[in-house]
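Below: one structure, written as structure tokens.
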Amino acid sequence: MSQALESLLDLLDLERIEQDIFRGQSRSAVVPRVFGGQVAAQALVAAGRTVPEDRLAHSLHAYFLRAGDPGAPIIYTVDRIRDGRSFTTRRVVAVQHGQPIFHLSASFQTYEEGMEHQADMPSAPAPETLPTAAEMLPRYAHLFTEPGVIERLLEAREAVDLRYVDAPPFGTVGEPREPRSQVWFRTNGKLADDPLLHVCLATYVSDMTLLDSVLLAHGRGGWVTGDVVGASLDHAMWFHRPFRADEWLLYDQESPSASGGRGLGQARIYTQDGQLAISVIQEGVVRIPR
């Protein structure tokens with residue numbers, strides 16, 4: 001296991017300060033605020049720790065309310081909304097400096113048999129044939145006027161091996177493309193067999209690239225090039241089938257709409273053998289700087 005992955009796992013190992021109150025820390029991000037995927041993953045950890053182990057997360061719905069301060073701890077308060085015979089519902093509010101910065105509702109279910117069908121996995125090259133972040137990102141160093149961007153991007157991806165199928169948005173600035181993006185990802189090291197851990201790590205990664213397809217449609221490079229200003233607004237995920245975050249997952253993303261200073265991304269995440277594991281939808285602020 002890489003040191004960066006160990007650090008990320010420590011980040012997700014929240015401190016329990018009361019029965020349903022947890023404290024989390026933050027790590028540096030590419031932008032000067034708490035990474036949204038971190039807050040979502042930590043909130044799901046908090047919710048999951050109040051649920052019986054035989055009930056697995058099957059959905060989450062979240063709103064990003066305020067930018068998080070990476071220099072201050074985050075307090076997660078869990079409300080036990082419902083404990084039914086098959087389903088358990090939890091609500092989590094993340095607070096910093098006395099104000100809520102994030103709200104999450106999550107639902108958990110005991111395993112049961114049921115009807116089965118799924119959308120087919122799209123074609124994509126094998127992840128082993130694609131360049132790693134360390135191989136790919138330095139190619140675009142000339143695009144960034146702000147010093148240290150490449151180093152921050154690499155640091156943000158040390159715990160997760162994330163590989164673009166095609167060039168990222170900042171690789172084709174000024175060239176509008178089909179609003180679709182694919183990446184393969186897995187953690188840089190093996191994980192324990194705890195299903196909640198794998199779900200939380202997939203939640204963490206899901207916020208990294210989902211709005212890329214919005215940028216591609218307009219030939220924009222994104223937050224790291226400064227030709228757009230943006231932030232996540234809300235995020236929803238449905239966990240359909242078992243998966244491991246330490247094995248390759250294909251993140252197939254597209255944007256059906258952008259309007260009113262907002263852009264919508266939707267995606268499906270497949271295991272390497274073609275099982276549809278997760279569906280994701282996110283809307284974010286996407287504005288052109290004045």
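This chain uses plain numbering: 1 for the first residue, then up along the sequence. Every heavy atom of this structure was used, including side-chain atoms; hydrogens, water molecules and symmetry mates were not.
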Identify the two heavy atoms, one from [X] and one from [Y], that lie closest to each other, and give their separation to 0.1 Å.
X	Y	answer
L12	A41	CD2-CB, 3.8 Å
W238	S59	CD1-CB, 3.8 Å
R157	L137	CD-CD1, 4.5 Å
P289	V229	CG-CG2, 3.8 Å
A217	P179	CB-CB, 3.8 Å
L216	S181	CD1-CB, 4.0 Å

Approximate separation, where rounding is to 0.5 Å, of [X] [atom1] and [Y] [atom2]:
X	Y	atom1	atom2	value
L264	L211	CG	CG	8.5 Å
L130	E135	CG	CD	10.0 Å
C200	D13	SG	CG	11.5 Å
L153	F170	CG	CZ	5.5 Å
Q99	Q96	CD	CD	10.0 Å

Does [X] belong to the same Ile/Leu/Val/Met/Phe/Trp/Tyr cluster as [Y], with side-chain heavy atoms less than 4.5 Å apart forming each link?
X	Y	value
Y270	L162	no
V93	V34	no
L154	L11	yes
W248	F239	no
L191	V45	yes

Does a donor on one side chain and an acceptor on the other come within less than 3.5 Å for [X] and [Y]?
X	Y	result
S26	Q38	yes
Q182	D252	yes
Y111	E113	yes
Q266	E254	yes
T172	R177	yes
Q109	E112	yes
S232	D207	yes
T110	R55	no
D212	Y164	yes
R90	S105	no

Practice task
For the pair L233 and Y63, evaluate side-chain contact (heavy atoms from CB on, under 4.5 Å) and give the outcome as yes or no after the intermediate values.
Solution key: CA-CA 6 Å; L233 288 171; Y63 283 92; 6.0 Å; no

So do [Y] and [X] actually touch side chain to side chain, heavy atoms under 4.5 Å?
X	Y	answer
H240	S279	yes
F243	I278	yes
V173	D227	yes
F87	R82	yes
I74	V39	yes
T203	M237	yes
T209	Q253	yes
E53	L196	no

May I ask you to check whether over 12 heavy atoms, not counting those of [X], lie within 6.0 Å of atom [atom1]?
X	atom1	answer
E6	CD	yes
R91	CZ	no
R186	CZ	yes
E15	CD	yes
R287	CZ	no

Practice task
Kindly indicate, with the supporting measurements, whether the criterion side-chain contact (heavy atoms from CB on, under 4.5 Å) is fulfilled by S2 and E158.
Solution key: CA-CA 8 Å; S2 68; E158 281 183 330; over 6 Å; no

Exercise for the section: Begin with the C-alpha distance, continue with both residues' side-chain angles, and end with the deciding distance and a verdict on salt bridge (charged side-chain N to carboxylate O under 4.0 Å, His left out) for R262 and E283. Expected result: CA-CA 7 Å; R262 307 182 315 278; E283 188 175 47; 2.9 Å; yes

Within the side chain of [X], is there an N or O that forms a donor-acceptor pair under 3.5 Å with the backbone of [Y]?
X	Y	result
R163	P127	yes
R152	E155	no
H198	A245	yes
D79	V92	no
T77	I21	no
R33	D69	no
S213	R180	no
Q272	E247	no

Problem - Criterion salt bridge (charged side-chain N to carboxylate O under 4.0 Å, His left out) on R244 and D193, from CA distance to verdict - result: CA-CA 8 Å; R244 294 188 64 92; D193 292 333; 2.8 Å; yes

Exercise for the section: Begin from the C-alpha positions of L201 and T187 and carry the test side-chain contact (heavy atoms from CB on, under 4.5 Å) through to its verdict. Expected result: CA-CA 8 Å; L201 281 162; T187 58; 4.1 Å; yes

Handout entry: R80 and T50: CA distance, side-chain angles, deciding distance, side-chain contact (heavy atoms from CB on, under 4.5 Å) verdict
Key = CA-CA 8 Å; R80 300 181 181 235; T50 69; 3.7 Å; yes

Handout entry: Worked check of salt bridge (charged side-chain N to carboxylate O under 4.0 Å, His left out) between E18 and R23
Key = CA-CA 10 Å; E18 291 288 349; R23 177 162 45 214; over 6 Å; no

Exercise for the section: Decide if the gap between the ring center of Y204 and the ring center of F35 is smaller than 6.0 angstrom. Expected result: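 Yes.
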
List the atom pairs, with distances to 0.1 Å, where a side-chain N or O of residues 117-125 and a protein N or O form a donor-acceptor pair under 3.5 Å, not counting sequence neighbours.
from : atom 1 : to   : atom 2 : distance (Å)
Q118 : OE1    : L276 : N      : 3.0
Q118 : NE2    : G274 : O      : 2.9

